[in-house]
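Input: a single structure, listed below in C-alpha cells.
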Amino acid sequence: MPEIEADPAIPTLEGVVGHSWGEDVSSHAEILRYLEALVASAPDRSKLVRYGRTVEGRDLVYVAISSAGTMARLDEARAENLRLADPRSLGEGEAERLIEEAPAVAWLAYSVHGNESSSSDAALVTAYTLLADRRDETTRWLDDVIVVIDPLQNPDGRDRFVDAHRRARGAFPQSAPRATERAEPWPGGRYNHYLFDMNRDWYLQSQPETKAKVAAYLDWQPQIYVDAHEMGANNNYYFDPASDPFNPQITDRQNDWATRIGRRQAGQFDRFGFAYTTREVYDAFYPGYGSTWPMMQGGIGLLWEQSGVRGLVVDLEDETALHYHDAVRHHYVSSLATIAAAAEGRSDLLRTFFEGRQEAIERGESGETPDVFLLPGKTPNRAAELAALLVANGIEVRRLAAPVTLEGGAAVEQVAPEGAYYVPAAQPAGRLAETLLADRQEMGDDFIARQLDRKARLLGDEIYDVTAWSLPRTFGIDALRGTPVEEPDSEPIGEDGGRPGGSVEGPDRPTVGYLVPAEDEAALDALSSWLRSAYRVHVVDRPFTIDGTSFGRGTLLLRTAQNPDSLHDAVRKTAEEFGLTITAIDTSFVDEGVGLGGPNVAWVEPPKVLLAFEEPVSPFAGHTWFLFDREWSYPTTRVAAPSVAGPLDLGDYNVLILPDGSYGDESGFDADAAAKLRRWVSDGGTLILVDGALRWAIGEEIGLMPTERREVPVGPVPGEGLASDQAEGQEGEGEEDEADSEDADAPKQSPRPVPGAILRATVYDDHWVTAGLPPSVELLTQTGLIVDPLDPTEGRNLVTFDEQDEPASGFCWPDTLEAIGRSPLVLYRSIGQGHVIGFTDDPNYRALSPLTQRLFRNTVFFGPGH
Ligand SMILES: [Zn+2]
C-alpha cells in the first residue's frame with residue numbers, strides 16, 4: 001500500500017502479526033503487538049506510552065513519533081508546548097522563539113467507535129510509513145512535527161466487533177450487506193463496555209477511557225487533533241471544513257486552518273481519484289465530540305468519516321464493491337496529508353494556537369466574557385463534582401475565601417458567597433469554560449431558520465446532537481455571572497474539587513440514632529454502602545424540625561436500636577467518605593413537622609434490582625448499568641428482556657427496570673407479559689418504565705399506565721418556516737391552509753422529539769420519588785414521548801414540564817414545545833402493594849444529569865419499602 005522507499009529494518013504488519021495492511025481487521029492485541037515491534041525497531045524516533053486502561057482492562061496507548069533530535073528531548077519539547085499553551089508563562093521573546101523553532105504537535109486518534117475498524121489499521125500503516133520511509137519529504141515532516149498516534153480509543157468495543165466478525169467469517173469473504181460477518185450481535189461494537197458513545201463524552205468524562213484520553217491530551221495540548229471514524233457504506237469520504245452549526249467559540253482562524261488541512265487532503269484524494277465531500281452532515285457544535293472539544297482548547301479539531309466495510313468487502317448500491325484495504329488506504333492518505341499540512345504550516349499553526357489561547361485570556365480581562373461563580377448551596381458534594389469535572393477539562397477553578405460583589409447586567413447587586421467556586425474568564429481555556437458554563441450557546445439564526453423551513457417542508461432536520469449542555473443547569477447548581485468589583489480572595493482547588501470533609505454532629509453514641517439530610521445525593525451513596533453492609537435505614541417522607549434543625553423530604557434515619565453496635569463507627573466512617581454532615585440524636589421528639597415514629601417514615605427495604613438487557617432493549621441501558629456499578633456502587637442482575645417477559649421468576653426481585661427499547665409482541669412483551677408484570681407489581685414490586693418501555697405500557701392492550709400520547713397537526717405550523725414571507729410564492733402553502741390544519745379532522749402525528757434542550761419543569765413536592773429535589777428544576781430532555789397528565793384518581797404526575805415560550809437553553813420545535821407544556825416527565829401509579837413509575841425520557845442517558853439520576857435512584861431505593 002505505501003508508495004515509499006522502505007527501510008527493511010522496520011517491520012511490516014505482515015512480518016509481526018501475519019496479515020498485511022488492510023488484509024484483515026486487526027484486533028487490539030495485534031495492534032499492540034505490532035506497535036511494540038515497530039517502536040523497538042526505531043527507539044530513537046518513537047516512543048510507546050500506555051496512557052490508561054479500559055473498563056475490561058485493555059491498555060490504551062499512543063505512539064509519539066518525531067525526529068531523533070526531538071525525541072532525544074521529548075519531555076522538554078512537551079513542556080515547551082505546554083508553556084505555549086499558557087501565554088502567561090512566557091515572555092514575548094520566548095513565545096516568538098518557540099513559534100519560530102518548536103515542533104508542532106499533531107495528534108491522530110482512531111476508532112473511538114469500536115466497529116469503525118479501518119481507521120485503526122490506517123494508524124498502523126501511518127506509523128510504519130513515518131518510521132520506514134527514507135524519502136526526504138517524510139523525514140522532513142518529522143523535523144517539524146511530533147506526531148502522536150492513538151491507534152484505538154475504544155479497545156473493548158473493537159474486540160467485541162473483531163470477535164463477532166471473525167466468528168462469522170468463512171473461507172470466502174462475504175460482500176452481501178446483510179452477511180452475518182458484518183451483523184453485530186447486540187450491543188454491537190460501537191460503544192465501550194458500559195455502552196457509552198465516547199465521541200459524546202469529552203467534557204462529561206464519564207468513562208475511564210475518556211478520562212485517561214483527556215488527561216493525556218492536556219499533558220500535550222496538541223495543535224491538531226484528528227478523530228477518524230466510519231459511517232454507512234454508501235457514502236464518500238468526509239473531511240473538514242465542517243457543516244454548520246459551528247460552536248460560537250470556534251474562531252475564524254481555526255476554521256481557516258481546518259479548511260487549509262482539508263485542501264491538503266483534497267489534493268491527495270484528487271490525485272488518486274478518491275471521491276469525497278466537505279461541509280455536509282457533520283457539524284461542529286456540541287463540545288462532547290472529539291473534533292469540537294479540541295477547538296475549545298485552541299487546537300484544530302478535525303473529523304474524518306470513511307464509508308464502513310465492517311468486514312473485508314461490501315457491495316454498494318451503485319453496484320461497485322468497497323474493500324477493506326481501500327477504506328484503510330483512504331484514512332492513511334488523509335493521515336499523511338494532515339501531517340504534511342502541519343509540517344508545511346508549522347509556525348503559523350503554533351501562532352494560531354498561542355494567540356487563540358492568549359485571546360481567550362484577553363476576552364476575560366476585558367470583561368467581554370463574565371466570570372462564573374458556582375454556588376454549592378445544599379448540594380456541596382454535587383458542586384464539588386462539577387468543579388472537579390471542570391478541572392479535569394483543563395479549566396482553572398478557584399474557591400472564594402471571602403464574599404465578593406459582582407458588577408454585571410443584574411438589576412440587583414449580586415454577591416458571590418464565601419465557598420463559591422470561581423471560574424475566572426481570563427484563562428487560556430476560557431472558551432471551553434464559556435461553552436460549558438454559559439446559559440446557552442447559539443446555533444445561529446440562519447441555521448435555525450433553515451431547520452424550521454425544512455420542517456415546514458416535512459424534511460428531516462440537520463441537528464446532529466443535543467442543542468444544550470449548560471453544566472450549571474444539568475447539574476442543578478446555581479451560577480452567578482459578572483465581574484468582581486475587586487480581585488477576589490480565592491485559592492485554587494485540587495482534583496477532588498474541594499469536597500466537604502464530613503462530620504457527625506451531636507452526641508457520641510446517640511440513643512435514638514442518626515439523621516442524614518438528603519438534598520445532596522452523596523446521602524444516597526452512603527445509603528448504598530449501608531445497605532450493602534446490611535444496616536437498617538429508614539427514610540422520612542416529609543419535612544420536620546428537631547432540636548432547632550430543619551430537615552427536608554427524604555432525610556435518612558438510622559436507628560440505634562435496630563442496628564448492631566458497629567453502627568456508630570460505620571456512620572462516622574461513611575460521613576467522612578462521602579462528605580456528609582450527619583446529626584446524632586438522643587430524642588425523636590420533633591419541634592415541628594412529622595414524627596419520626598409516625599406513618600411518614602418508611603423502611604428502606606434493600607432493593608434487589610433486575611435490569612432488562614439485550615434485544616429489544618436499547619444499548620443505552622448500559623448507562624444505567626454503569627451508574628449502578630461505578631457511581632452508586634450497588635449490584636444489579638441483568639437478564640435478557642424476553643426472559644423477563646416470559647419464564648423468569650420475578651419473585652427474587654423487588655425492582656424491575658425496563659430501559660428504553662422497542663418492546664412488543666415480537667419480543668414476548670404481549671398482554672400475557674403485561675399481566676405477569678401487573679401481578680408482580682400488585683405483590684409489592686417496583687416497576688420502572690423508561691421511554692420506549694413506557695410507550696409500550698400505555699398501549700390500550702397493555703394498559704399499565706393510563707395515559708395517551710399527545711399529537712400535533714401534520715404539516716406546516718404557523719410561525720415556522722414556510723409560514724413566513726418565503727411561503728407566499730409556494731402553491732398551496734399559504735397561511736389559510738395552515739389555519740385549516742388546526743381542524744379537528746386534520747391528520748395528526750407525534751411531535752418531533754425535543755432536539756436535546758433544557759426545559760423548565762415543576763416538581764410535585766409530596767412524594768418519595770421526588771425527595772431531595774427543589775420545587776422547580778431545569779432538565780435536559782430529548783424526549784419524543786409526550787403524554788397527557790394522569791388523572792388524579794389514577795396516579796400522580798411527579799415532574800411536569802412547564803408551559804414555556806422558549807427553552808431555558810437550546811432549541812425546540814415550536815409545536816413540540818407547545819405540546820410538552822403541562823405534560824409529565826415522571827408518572828406514578830400504584831397497583832396493589834406495588835408501584836409503576838414511568839419516565840418519558842431516559843434519566844440516566846450519558847450519565848449527564850445528577851437531577852434526573854436522582855429521581856431514578858429514589859424510585860429504586862425507596863420503592864420497595866413504600
Ligand atoms: Zn464514528
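Indexing begins at 1, ligand by ligand and atom by atom, following the structure's order.
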Handout entry: Ring geometry between Tyr282 and Tyr238 (parallel below 30°, tilted from 30 to 60°, perpendicular above 60°)
Key = tilted

Practice task
Give a yes or no answer on whether the side chain of Ser20 reaches the backbone of Glu23 with a donor-acceptor pair at less than 3.5 Å.
Solution key: no

Fill in the blank from the handout: Within the 2.8 Å cut-off the protein N, O or S neighbours of the Zn ion (ligand 1) are His113 ND1, Glu116 OE1, Glu116 OE2, His229 ND1

Exercise for the section: Could you check His165, His325, Arg169 and say which one makes a side chain to side chain donor-acceptor pair (under 3.5 Å) with Asp24? Expected result: Arg169

Problem - Single hit among Phe269, Tyr276, Phe272 for ring pair (Phe, Tyr, Trp, His ring centres under 6.0 Å) with Tyr237 - result: Phe269

Handout entry: Ring geometry between Tyr217 and Tyr225 (parallel below 30°, tilted from 30 to 60°, perpendicular above 60°)
Key = tilted

Problem - ring pair (Phe, Tyr, Trp, His ring centres under 6.0 Å) partner of Phe285, the single match among Tyr464, Trp293, Trp469 - result: Trp469

